[in-house]
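Presented below is the structure to which this report refers.
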Amino acid sequence: MMMNLSPKAMRSIGESLEFRIAAYQHRLDTEVMSEDEASDLTNDLMFLESLLQEFQQALALPVAQVF
């Protein structure tokens, strides 16, 4: 199912993704964890980065104005 989100909602989601990405990256950089934990966190990080990229591309598309 495809959701139609407003640009404002998409920006908010994008900001949330950026925050979570930064938190995951900080954990990877500072915490001592097992190889499995680091792998899981890295996979999650890559997934969030791909979602963020999709949101950024969608926001770059022109939107028709409704009067």
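Residue numbers count from 1 along this sequence.
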Side chain to side chain contact (heavy atoms under 4.5 Å, CB included) partners for L5, two or more places apart: M3, A9, M10, I13, F55
Set of side chain to side chain contact (heavy atoms under 4.5 Å, CB included) partners for S39, sequence neighbours left out: N43
Kindly compute the distance separating [atom1] ([X]) from [atom2] ([Y]), expressed to the nearest 0.5 Å.
X   : Y   : atom1 : atom2 : value
L52 : I21 : CG    : CD1   : 4.5 Å
L59 : K8  : CG    : NZ    : 13.5 Å
S50 : E54 : OG    : CD    : 6.0 Å
L17 : Q56 : CG    : CD    : 9.0 Å
F19 : Y24 : CZ    : OH    : 11.0 Å

Pairwise salt bridge (charged side-chain N to carboxylate O under 4.0 Å, His left out) hits with a residue in residues 27-41, at least two apart: R27-E31
Non-hydrogen side-chain atoms of L48 and L45 separated by less than 4.5 Å: no
